[in-house]
Amino acid sequence: MEFSKLKYVYIGTALIFLVGVTGTLGYMHIEHASMLDSLYMTIITMATVGYGEIFPLSDAGKIFTIFIIISGTGTVAYTATQFIDYVVTGDLTNFFGRKKMNHIIDNMNSHYILCGFGRMGRIIAGLLRENNVPFVIIDPEDRVSESAEEKYVFVTGDATHDAVLKKAGVMRAKGLITVVDTDVKNLYIVLTAKGLNRNLYVVAKVAQEEAVTKFEWAGADKIVSPYTIGGQSIAYSIIKPYVTDFLSMAMGNQEYGIMVEEVMIHEGNVLENTSIVDSNVRKIGIIIVAIRKSDGGFIYNPGPNEVIRANDTLIALGRKGDFEALNKHLKRG
């Protein structure tokens, strides 16, 4: 249960209410007192304020009062202890933290859902945040206090469950990344997510090569094998060391600050219907290495007279400052 300590506070409060009702009805029956006098007698007895009896007590009434004192003070002490424990352990802070997160998620659209926050999940989350990509993390562990420091938005639960994915906004999400610990769980998450939102772009981690076909059947749009990629990277670092160094540099893994970026050309963009040579992006410091056309085709190493069209995506190489200058240039259009 998500609020395990809070339920004990609820139980204690319910017990206090039960003792209060029992005491009120008991005094009304035993001493034939009014409801108000009986309730008042019960409250001051449970609170042990020492105001004394407000009406004479019979022997049966005295025995009943002893019962109210023992059960009432014990119940109040139990509830107070549970509430203090709830506050001290941070669950009260976590409760309001969850409320805030739920509000943030409810207002998110076209975001991504990251299932799994292990070593790989942490790397992915860091890169998504660096690139200002909105995302929600689903993980079985309650990480509200941790997310407050790292500014992540979490949903606690099992991503294979419909309710948990819906809580993360799967119906409004743009994509989902699943990198949990086993292929079986990843496959089930893909099936569940695609069943809820067929338009979801799903990227899945797979460890066993024989499972790739199953992920394709399940509807995964992109299947990534860390072992295959890692093995290839190690091999190419020996076979083609300089190529590997350049690719690593282009992905921002070295101090040169060179990166590969995607630049979407929308209708009305300043570069629309302009040749590469006339676009002047080379003067800004940007090198266009490929163009992804709107029909899905690629033009590699486009010539200077290649015309940039609306809905094209430029695959470009440059430094961070160069891309900032390019964005300013595009905004002027």
Side-chain angles (χ1 to χ4, degrees), residues 1-107 117 136-164 166-168:
M1 186 173 179
E2 189 175 3
F3 304 137
S4 57
K5 289 188 175 64
L6 184 59
K7 71 178 181 181
Y8 294 115
V9 177
Y10 289 150
I11 292 172
T13 303
L15 289 174
I16 290 175
F17 178 78
L18 179 62
V19 173
V21 171
T22 302
T24 302
L25 295 177
Y27 283 123
M28 290 176 64
H29 176 72
I30 297 172
E31 304 297 350
H32 305 290
S34 67
M35 178 180 291
L36 180 60
D37 286 345
S38 298
L39 176 62
Y40 183 73
M41 184 66 181
T42 302
I43 296 300
I44 64 174
T45 302
M46 292 175 61
T48 63
V49 295
Y51 283 171
E53 302 166 3
I54 62 173
F55 47 74
L57 293 177
S58 62
D59 290 342
K62 292 177 181 178
I63 295 173
F64 183 72
T65 300
I66 293 173
F67 165 76
I68 294 298
I69 292 174
I70 295 174
S71 59
T73 54
T75 302
V76 170
Y78 169 81
T79 305
T81 301
Q82 294 301 321
F83 181 76
I84 293 171
D85 182 51
Y86 179 68
V87 173
V88 171
T89 57
D91 281 3
L92 186 61
T93 302
N94 287 353
F95 174 78
F96 289 109
R98 291 187 192 94
K99 295 279 287 184
K100 182 179 179 180
M101 282 190 183
N102 291 338
H103 178 71
I104 292 173
I105 295 171
D106 289 342
N107 287 280
F117 198 60
V136 178
I137 298 171
I138 298 179
D139 195 83
E141 296 185 28
D142 191 342
R143 302 179 186 272
V144 172
S145 58
E146 181 178 344
S147 68
E149 299 177 2
E150 301 184 2
K151 298 182 180 179
Y152 290 142
V153 179
F154 274 93
V155 169
T156 303
D158 187 343
T160 62
H161 295 168
D162 290 14
V164 175
K166 288 179 180 178
K167 190 175 181 181

In Å and rounded to the nearest 0.5 Å, what is the CD1 to CG distance from Ile30 to Leu25?
10.5 Å
Can you tell me how far apart CD1 (Ile66) and OG (Ser71) are? Round to the nearest 0.5 Å.
11.5 Å
If you compare all heavy atoms of Ala168 against all heavy atoms of Ile138, which two are closest, and at what distance to 0.1 Å?
CB-CD1, 3.7 Å
Flag side-chain contact, heavy atom, 4.5 Å: Ile68 against Met41:
no
Does a side-chain heavy-atom distance below 4.5 Å link Lys167 with Ile105?
no
Below 4.5 Å, heavy atoms only, C-beta onward: do Asp37 and Tyr27 meet side chain to side chain?
no
Quick check: are there more than 12 heavy atoms from other residues, nucleotides or ligands sitting under 6.0 Å from CZ of Phe55?
yes
Atom pair OG1/CE of Thr42 and Met28 - distance to nearest 0.5 Å:
10.5 Å
To the nearest 0.5 Å, tell me how far Phe64 CZ sits from Leu57 CG.
10.5 Å
Least distance between heavy atoms, Met46 atom then Thr73 atom:
O-CG2, 3.4 Å
What distance separates Ile43 CD1 from Ile16 CD1, expressed to the nearest 0.5 Å?
9.5 Å
Tell me whether the rings of Phe154 and Tyr152 are parallel (<30°), tilted (30 to 60°) or perpendicular (>60°).
perpendicular
To the nearest 0.5 Å, atom CZ of Phe17 lies from atom OG1 of Thr22 at 9.5 Å
Using a 4.5 Å cut-off on heavy atoms from C-beta on, say whether the side chain of Val155 contacts that of Val164.
yes
